[in-house]
Amino acid sequence: MTNSIGDVKKADVIFLTGSNTTENHPVMGAQIRQAVKNGTKLIVADPREIPLVRDAELFLQIKPGTSVALSNAMINVILEEGLENKEYIENNTEGFDQLKEVVAKYTPEAAAEICGVAAEDIRKAARLYGGAGVASILYCMGITQHHNGTENVMSLSNLALVTGNLGKEGSGVNPLRGQNNVQGACDMGALPNVFTGYQAVNNEAVIKKFEAAWEVELSNKPGKTVPEAIHAVEADEVKMLYIFGENPMVSDPDQHHVETALKKAFLVVQDIFLTETAELADVVLPAASYAEKDGTFSNTERRVQRVRKAVDAPGVAKPDWVIIMELMNRLGYNKVYNNIEEIHDEIRQVTPQYAGISYKRIESNGIQWPCPNEEHPGTPTLHVGKPSRGLGLFKPVEYVMSEELVSEEFPVIMTTGRILYHYHTRSMTNKTEGINKIAPDNFMEISGSLAESLDIADGEVVRVHSRRGHVEVAARVTDTIEDNVVFMPFHWADGANVLTNGDVLDKLSKTPGLKVTGVRIEKIS
Amino acid sequence: MELYRSHVLVCGGTGCTSSGCLKIVEKLGEELKKHELEKEVQVVKTGCFGLCEAGPIVIVYPEGAFYSRVKPEDVERIAEEHLLKGRIVTDLLFKDSVEADKIKSIEQVTFYKKQQRIALRNCGIINPESIEEYVAFDGYSALAKVLTEMKPEAVIDVLKRSGLRGRGGGGFPTGMKWEFTAKAQGDQKYVACNADEGDPGAFMDRSVLEGDPHAIVEAMAIAGYAIGADMGYVYIRAEYPIAVSRLQIAINDAKKHGLLGKNIFGTDFNFDLEIRLGAGAFVCGEETALINSIEGKRGMPRPRPPFPAHKGIWNKPTVLNNVETYANIPQIILKGAEWYSSIGTERSKGTKVFALGGKINNTGLVEIPMGTKLRDVIYEIGGGIPKGKAFKAVQTGGPSGGCIPADYLDTEIDYDNLISLGSMMGSGGMIVMDEDNCMVDIARFFLDFTVDESCGKCTPCREGTKRMLEILEEITNGRGTLEDIDKLEKLAKTIKSASLCGLGQTAPNPVLSTLKYFRHEYEAHVIHKKCPAGACQALLEYIVIADICKKCGICATKCPVGCIDGVKGKEVYFINQDRCIKCGACMGACPFKAIKKG
Amino acid sequence: MITLTINGLEVQVEEGTTILQAAKKIGIDIPTFCHDPRLVPHGSCRICVVEVEGARNLQASCTTPAAQGMKVTTESDVVVESRKGVLDLILANHPLDCLTCQKAGRCTLQDLCYRYDIKESSFEGERKEYEIDDSNPFYYSDQSKCILCGKCVYVCSQLQGTEAIGFAERGFTTHIATPFDKGLEHSTCVSCGNCVAVCPVGALVPKSKTKFRYWETKPVRTTCSYCGVGCQMDLLVKDNKIVEVLPADGPSNHGLLCVKGRFAYNFVGHPDRLKTPLIRKDGELVEASWDEAYDLIVSKVNEIKGEFGPDAIAGFSSARGLNEENYLMQKLMRGVIGTNNIDHCARL
């Protein structure tokens with residue numbers, strides 16, 4: 001997030017899109033509701049009538065995958081009605097003319113056609129967002145998990161830049177990170193193209209710095225992302241997978257394809273449970289859970305906070321860092337860390353953003369990076385004054401329809417997401433009785449009229465087909481979803497991700513287009 | 001305008017409506033038609049005349065003949081004798097208006113003589129559903145005056161100098177309240193009227209709304225101008241259907257005539273009014289609970305501060321006055337602060353309307369100048385205690401007021417005197433008790449009401465009033481102890497000092513004041529297990545007086561539980577106290593008055 | 001700034017500060033039941049009353065703003081009498097089952113009765129009796145124990161925004177209820193447990209699988225392992241077992257949690273946990289020692305690296321792992337194995 005969680009209460013307007021916040025980030029969702037009670041106006045753009053629609057001033061029930069068109073049209077209206085922040089554009093941005101040219105095509109009427117909403121509502125949204133003193137954009141996987149996810153984000157960023165909603169409290173472009181430490185994993189360089197702190201692997205100076213720090217030789221060739229690595233196993237380029245705390249058998253698109261790859265490679269899985277993925281492993285390493293070790297997580301607002309050991313790990317299970325260190329040692333790298341704080345101190349040495357964040361300083365309250373030194377209070381808001389790259393770059397983008405949507409054989413759009421009661425692949429949440437009582441089984445949300453046309457009753461088990469395969473699932477008939485769209489949570493194995501497409505990735509981020517899958521729904525019997 | 005030689009005013013208040021005034025109006029219409037008097041005599045359905053005891057009331061002008069307890073079958077005579085032939089039907093007149101051979105007009109009747117009607121000035125005079133009649137009685141000229149001749153500050157200044165204090169109970173100076181609201185920061189302000197008259201037996205606000213609704217509309221618009229509000233709400237209980245309908249008619253007519261809405265009297269001033277119906281919770285008469293209720297929330301009080309003047313409806317500055325307070329305002333504007341402040345006592349100016357009830361001859365509504373003695377209200381206006389019984393106490397201020405004993409009958413009624421006696425002005429309930437009333441039972445009765453009406457928010461009121469009631473029940477049932485009296489007193493003090501809102505803070509008043517003035521009655525209940533007034537059933541005993549008993553056995557046949565033993569003609573009858581349910585059937589049945597209670 | 005005197009001590013506070021806040025500033029403890037700094041002050045319980053010189057009645061310190069020159073006494077005889085009176089009234093309508101009450105040791109009513117020497121109520125009379133609502137899988141609602149401080153209702157409406165519960169009826173029969181008293185199961189409750197966390201007595205208590213007393217537990221402050229909000233919470237530990245999770249006042253959660261953070265902690269000590277390394281032998285995963293597991297991995301790494309180069313190995317790190325672990329994982333892949341094939345599920 002460019003801004004802080006607490007900032008939602010400082011925004012005059014919140015534009016929330018592609019995030020079912022009250023279910024996926026419940027405590028954040030609660031704070032959005034607090035903001036609305038306090039006078040903040042909420043705009044929701046989502047294919048589903050999510051619970052926060054109740055609190056919204058305006059709801060745009062857009063078709064899945066049409067965010068670029070919506071953002072462009074909002075910018076179109078903002079420019080048309082003179083709601084842009086001319087001074088900010090002038091002083092802090094570049095590429096405005098190109099943007100202007102591209103968005104000119106996206107009249108509210110044109111976008112209304114694409115998004116499946118009323119042109120007048122797009123105008124209202126633009127006026128609300130553009131007319132606000134400070135406005136915040138909040139988004140989640142509904143924006144990023146598309147074949148054009150990066151472009152979706154760019155279009156939102158254009159919207160923020162054009163109104164100068166960046167670099168001040170209550171504003172910003174704020175992705176909500178799905179899992180507890182996605183932010184930290186990214187910050188720590190668990191990405192194929194960067195070291196910690198987003199230092200590029202193909203930058204010579206960076207390579208030199210890390211070679212010196214670690215006393216090793218390093219490759220400057222960017223590596224493979226998760227979906228790419230899985231494809232590479234199939235292509236015989238990758239022979240071994242070492243998976244730590246992940247369950248791609250459930251979380252990754254096109255499950256059958258993933259299964260083939262995992263079975264083919266020499267597979268090491270390190271986890272706390274024998275997950276669907278671990279079951280396929282050649283070696284399984286038992287790890288300690290978060291409550292059994294010390295360390296830090298970084299939350300979605302870039303706040304580094306302490307994790308503390310409360311209980312002992314079961315059996316001979318060890319904290320992941322100990323396992324990884326011992327493997328390193330056995331592979332001939334002899335660095336020994338006596339405790340986790342020593343690793344943290346090493347992180348601080350090689351990561352400018354984390355340099356000032358010592359365990360001592362975050363004993364009671366976490367600190368938000370960047371924090372370059374021990375005197376620095378941390379950074380609640382990014383891009384204050386000017387965008388950090390100097391000038392905010394407008395990246396005009398065009399709406400491109402997903403290939404998933406062109407087939408007549410699979411006419412219904414399936415979108416995926418999470419529900420309040422489960423976390424990712426359920427390996428943790430399904431261990432609690434009460435959770436299983438409330439949310440025991442997979443389901444698919446379907447509109448009343450679509451269900452009626454297919455003669456499907458509420459609760460009836462139906463078969464859902466996509467190009468990748470089919471699953472059987474209970475239909476949940478609801479009026480919160482549009483007629484040609486169905487929703488299925490991805491928590492359950494043999495569920496949504498059997499159907500999703502793992503081949504079409506976002507060009508830049510390599511994120512799969514999970515939110516749009518062409519499906520056909522079939523009545524059984 | 002048509003001219004008539006005679007006007008027949010028929011009271012159309014709630015009291016007279018329930019005793020059949022609509023039939024009288026209908027019948028009058030028929031009679032006038034029959035005698036072809038329609039062009040000569042006009043029938044007007046007015047608001048309340050105040051003397052509800054004597055309803056339905058019909059007044060015939062120009063004579064001011066005061067017909068009381070009129071029945072539909074009497075109408076024929078009134079029409080034929082009085083309206084057609086000009087002969088007043090003496091036997092139908094209010095008893096007090098006939099003295100020897102002289103017939104007194106309504107103004108001369110004792111009940112009205114000592115009254116001074118400001119808030120009620122139009123009640124019983126005009127047709128409340130006619131804006132023209134209100135205008136004819138100077139209506140809306142106060143609004144015209146403030147909008148065209150006065151600055152808002154000047155309006156507030158007049159009110160401050162008039163000395164008007166809130167008639168809803170608190171007695172806070174109205175001008176100061178308006179000034180605070182006027183000075184409070186806010187993009188939007190509101191005017192609100194508390195017409196949630198919840199005190200049992202109190203109906204002054206209802207009468208004003210039924211009899212003179214435009215006065216409230218006008219006063220609220222004046223308030224809007226003074227504080228800078230363009231919107232007002234009247235919060236009125238849904239149990240007042242006639243008042244609601246007449247007020248709505250008044251609002252509609254005022255809008256039609258441009259007296260509400262945009263650019264009133266051609267000025268920049270805009271003001272609109274809406275009615276909000278209450279659902280009959282007593283606590284919603286408390287201003288912050290009322291505001292919650294207007295906002296659609298549960299009627300529970302909010303802590304003060306912030307006061308409504310700063311954070312009222314929707315947290316905006318709000319001026320909130322009750323109906324009677326507003327009813328005084330147009331007159332104050334027209335006649336001036338000096339006129340108003342010349343009436344009343346040093347610290348309580350003007351008049352106050354009281355709902356007189358209980359053991360009193362003239363039950364009804366009276367408006368008297370502040371400073372009038374309790375004795376005058378009860379014995380002159382009220383006509384004294386029925387059946388020659390002895391006065392015991394007067395309870396003022398509704399269920400949260402206190403009981404004042406005979407020793408203080410010469411107290412001049414004003415806010416401060418009543419408080420110093422342990423009672424209060426409240427909204428103006430005045431209930432008279434005589435020798436047959438048990439003061440412990442009276443306290444129990446009022447606590448029963450507050451326990452029911454406590455909103456349940458704060459601990460002392462929710463839990464404490466319930467415990468007080470339970471103790472009082474124990475005492476009136478003869479199971480109380482001396483410790484209970486101490487416990488009651490201590491608890492009452494805790495509730496009074498620690499409760500959140502006025503309801504809880506005043507709920508112990510009936511207990512505290514009766515403990516103060518009638519402690520001996522409590523002690524009689526707990527020490528001697530006797531109710532001196534003979535009102536507490538559990539402490540009663542029905543006893544056969546052996547000397548008088550004629551051994552007829554009628555009592556035994558009437559006893560529903562068969563607790564009376566005896567042998568007809570041979571033995572004096574005897575009532576078994578442990579089985580007696582104290583129904584009193586035996587006493588009523590005994591032809592020889594041989595059964596007494598004690 | 002305003003200067004006032006509390007118990008003879010001068011304190012300077014900003015305008016709008018309540019007496020309670022001002023007292024806290026100088027370390028004077030005023031007891032409360034219904035106060036929560038996150039809520040709009042509502043002044044319901046009246047236990048925090050104090051004596052303000054010149055005021056007609058005792059003032060609720062949680063709602064009364066400090067004023068210039070104010071003289072406040074927080075434990076005068078009148079105040080103590082009033083608090084005792086309030087406690088006496090609460091106790092008159094509250095079961096005295098502290099011996100078996102789950103909340104014992106973390107109960108404000110218990111603490112205050114101890115502080116003000118209230119052993120039992122001096123009142124007899126009607127007591128409320130409600131059936132326990134056990135329809136929610138995670139907590140019980142026992143209205144017989146409720147003291148109607150209202151915090152659960154206000155937390156649910158003002159902070160959580162769910163509005164599942166409210167006040168029903170009035171006066172002595174007031175109770176906290178779901179709409180039409182249909183029970184929690186049929187309400188909009190999302191089981192966040194934020195109401196349970198603020199209940200000062202045993203009216204709302206978690207359904208606990210373990211019997212424990214609060215004084216037997218040790219709180220461990222940590223960061224929730226579910227979504228990215230980073231809520232702070234305390235794991236209550238007894239005998240090497242987490243017995244409850246309580247929300248803490250963290251910068252991103254301000255004392256709130258969701259159903260997962262609050263109640264879905266059973267996985268930690270779950271019997272299905274992996275307790276030993278496993279190696280696939282003849283198609284089956286069988287238990288192995290760490291040495292066996294490490295040796296197998298090391299030999300495979302060396303074999304593949306030797307034959308196909310380091311890029312034939314890929315590592316998936318974890319968005320659920322610690323920062324330090326993610327750091328070490330990429331260091332292992334990059335620095336030790338020699339490939340940038342390191343990623344995690346950020347995109348999923």
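Source: prediction; values computed, not measured. First the proteins, then the strands, lettered A, B, ... as listed; each starts at 1.
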Selection from C:Asn266, C:Asn326, C:Asn240 maximising heavy-atom pairs under 4.5 Å formed with chain A: C:Asn240
A:Asn181-C:Asn323 side chain donor-acceptor pair, cut-off 3.5 Å: yes
Which atoms of C:Lys331 approach chain A - backbone, side chain, both or neither, heavy atom under 4.5 Å: both
Best-contacting candidate, A:Ala287, A:Ala190, A:Ala317, A:Gly245, against chain C by heavy atom pairs under 4.5 angstrom: A:Ala190
Side-chain touch A:Glu326/C:Tyr294, heavy atoms, less than 4.5 angstrom: yes
Part of C:Ile304 within contact of chain A (heavy atom distance under 4.5 Å): side chain
Choice from A:Gly189, A:Ala291, A:Pro26 maximising heavy atom contacts with chain C below 4.5 Å: A:Gly189
Close side-chain approach of C:Leu322 and A:Lys293, heavy atoms under 4.5 Å: yes
Side chain, backbone, both or neither of C:Cys224 within contact of chain A (heavy atoms, under 4.5 Å): backbone
Partners passing side-chain contact (heavy atoms from CB on, under 4.5 Å) against A:Asn193 (at least two apart in sequence or in another chain): A:Leu191, A:Pro222
Side chain / backbone / both / neither for C:Leu285 at chain A, heavy atoms under 4.5 Å: side chain
C:Val298 portion near chain A, given a 4.5 angstrom heavy-atom threshold: both
Flag side-chain contact, heavy atom, 4.5 Å: A:Met28 against C:Ser252: no
Residue selection (most heavy-atom pairs with chain C, distance under 4.5 Å) from A:Glu433, A:Arg177, A:Arg308: A:Arg308
Side chain, backbone, both or neither of C:Val229 within contact of chain A (heavy atoms, under 4.5 Å): both
Interatomic distance, C:Cys258 atom SG to A:Tyr421 atom OH [nearest 0.5 angstrom]: 9.5 Å
Sidechain-backbone polar pair: C:Gln330 side chain, A:Phe195 backbone, donor-acceptor under 3.5 Å: no
Part of A:Ile323 lying under 4.5 Å from any heavy atom of chain C: both
Contacting moiety of C:Leu332, where chain A heavy atoms sit under 4.5 Å: both
Heavy-atom pairs under 4.5 Å with chain A, option from C:Asn302, C:Asp249, C:Leu235, C:Thr339 with the top count: C:Leu235
C:Leu236 portion near chain A, given a 4.5 angstrom heavy-atom threshold: neither
A:Thr22 OG1 to C:Gln160 CD distance, which is reported to the nearest 0.5 Å: 9.0 Å
Heavy-atom side-chain proximity of A:Met428 to C:Ser225 below 4.5 angstrom: yes
Test: C:Arg273 and A:Glu292 ion pair at under 4.0 Å: yes
Top contributor to chain C interface from A:Val194, A:Val268, A:Asp312, A:Val216 [non-hydrogen pairs under 4.5 Å]: A:Asp312
Heavy-atom proximity to chain C below 4.5 Å, by part of A:Asp294: backbone
Among A:Arg418, A:Glu23, A:His25, the one residue meeting side-chain contact (heavy atoms from CB on, under 4.5 Å) with C:Cys227: A:His25
Top contributor to chain A contacts, counting heavy-atom pairs under 4.5 Å, from C:Ile297, C:Val190, C:Asp272, C:Leu296: C:Ile297
Side-chain heavy atoms of A:Pro286 within contact of C:Trp290, under 4.5 Å: yes
Distance-only polar pair, side chains of C:Gln158 and A:Gln34, donor-acceptor under 3.5 Å: no
Lys/Arg-Asp/Glu bridge criterion (N-O < 4.0 Å) met for C:Glu163, A:Lys37: yes
Value rounded to 0.5 Å, distance of CD in C:Glu324 from CD1 in A:Ile347: 4.5 Å
Pick from C:Asp239, C:Asp291, C:Asp295 with the largest number of heavy-atom pairs that fall under 4.5 Å of chain A: C:Asp291
Worked check of side chain to side chain contact (heavy atoms under 4.5 Å, CB included) between A:Met240 and C:Val301: CA-CA 8 Å; A:Met240 176 175 174; C:Val301 168; 3.6 Å; yes
Cation over ring face, C:Arg320 and A:Tyr290, 6.0 Å, 45°: no
Most contacts with chain C, counted as non-hydrogen pairs under 4.5 angstrom, among A:Ser298, A:Pro319, A:Ala229: A:Ser298
pair A:Ile438-C:Ser191: side-chain heavy atoms closer than 4.5 Å: yes
Side chain / backbone / both / neither for C:Glu292 at chain A, heavy atoms under 4.5 Å: neither
Side chain proximity check, A:Phe273 to C:Phe267, heavy atoms < 4.5 angstrom: yes
Gap separating the CG atom of A:Asp320 from the CD atom of C:Glu325, nearest 0.5 angstrom: 4.0 Å
Step-by-step side chain to side chain contact (heavy atoms under 4.5 Å, CB included) determination, A:Arg306 to C:Thr222: CA-CA 6 Å; A:Arg306 279 302 311 274; C:Thr222 195; over 6 Å; no
Neighbours of chain A found in residues 132-141 of chain C - heavy atoms under 4.5 Å: C:Ser135, C:Pro137, C:Phe138
Within-4.5 Å side-chain heavy-atom neighbours: A:Val311 and C:Val268: yes
Top contributor to chain A interface from C:Asn253, C:Ile342, C:Val220 [non-hydrogen pairs under 4.5 Å]: C:Ile342
Between C:His254, C:Arg334, C:Arg221, C:His270, the one whose heavy-atom pairs under 4.5 Å with chain A are most numerous: C:Arg334
Single hit among A:Leu267, A:Val283, A:Val284, A:Asp282 for side-chain contact (heavy atoms from CB on, under 4.5 Å) with C:Arg280: A:Asp282
Separation of C:Lys260 NZ from A:Asn180 CG (nearest 0.5 Å): 11.5 Å
Neighbourhood of chain A inside residues 310-317 of chain C, taking heavy atoms under 4.5 Å as contact: C:Asp311, C:Ala312, C:Ile313, C:Ala314, C:Gly315, C:Phe316, C:Ser317
Pair C:Glu307 + A:Lys239: basic N to acidic O under 4.0 Å: no
N/O donor-acceptor pair under 3.5 Å between C:Asp343 side chain and A:Val226 backbone: yes
Nearest-0.5 Å distance, OG1 of residue C:Thr223 to CZ of residue A:Phe297: 7.0 Å
Pairs touching residues 223-246 of chain C that satisfy ring-ring contact (aromatic ring centres under 6.0 Å, His included), sequence neighbours left out: A:Tyr423-C:Tyr226
Interface residue of largest heavy-atom contact number with chain C, from A:Ser427, A:Gly332, A:Ala313, A:Ala281, under 4.5 Å: A:Ala281
Heavy-atom contact with chain C under 4.5 Å, split by part of A:Asn220: backbone
